[in-house]
Amino acid sequence: MTAAISIDIGTLVTRTPGLHGGCPHIVGKGVTVRRIVTWYKRGLNAEEICDRIGHLTLAEV
């Protein structure tokens, strides 16, 4: 049996004026939410996106 982990998404995503045009991005990683969504729309699941963008955790995706 695995334990469920609760993560507040507000701690993972931020906007920074002057960085990525103010678009939402993953805190401290420099990856925009748009980039993750693009990979998802191309048919990749969360694990595959983590493989492509190796420095992201599954929770961040």
Side-chain angles (χ1 to χ4, degrees):
M1 181 177 187
T2 60
I5 298 173
S6 176
I7 297 175
D8 178 11
I9 193 168
T11 63
L12 299 175
V13 178
T14 190
R15 288 179 187 241
T16 306
L19 181 64
H20 300 296
C23 293
H25 60 275
I26 307 300
V27 174
K29 302 294 176 108
V31 177
T32 63
V33 172
R34 181 179 299 179
R35 182 173 176 198
I36 294 169
V37 170
T38 298
W39 286 116
Y40 179 77
K41 285 184 174 182
R42 290 183 180 176
L44 276 70
N45 63 34
E47 290 83 4
E48 292 168 323
I49 294 170
C50 283
D51 290 342
R52 296 254 180 145
I53 309 173
H55 60 282
L56 292 180
T57 66
L58 192 54
E60 291 168 328
V61 172

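Keep in mind the model is a prediction, meaning the values are calculated, not measured. Along the sequence shown, the residues carry numbers beginning at 1.
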Minimum heavy-atom distance [X]-[Y], with the two atoms named:
{"X": "H20", "Y": "G30", "answer": "NE2-O, 3.3 Å"}
{"X": "C23", "Y": "R34", "answer": "SG-NH2, 4.1 Å"}
{"X": "A46", "Y": "L58", "answer": "CB-CD1, 3.5 Å"}

Test item: N45 and E48 side chains (from C-beta on) under 4.5 Å apart, heavy atoms: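 Side-chain contact under 4.5 Å: yes.
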Non-hydrogen side-chain atoms of V27 and K29 separated by less than 4.5 Å: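 Counting from C-beta outward, V27 and K29 never come under 4.5 Å.
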Check against side-chain contact (heavy atoms from CB on, under 4.5 Å), W39 and I53: CA-CA 10 Å; W39 286 116; I53 309 173; 3.9 Å; yes
L12 CG to L56 CG distance, which is reported to the nearest 0.5 Å: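 So the gap between those two atoms works out to 10.0 Å.
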Sole residue of V33, T16, V13, I36 in side chain to side chain contact (heavy atoms under 4.5 Å, CB included) with H25: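 One option only clears the test, and that one is T16.
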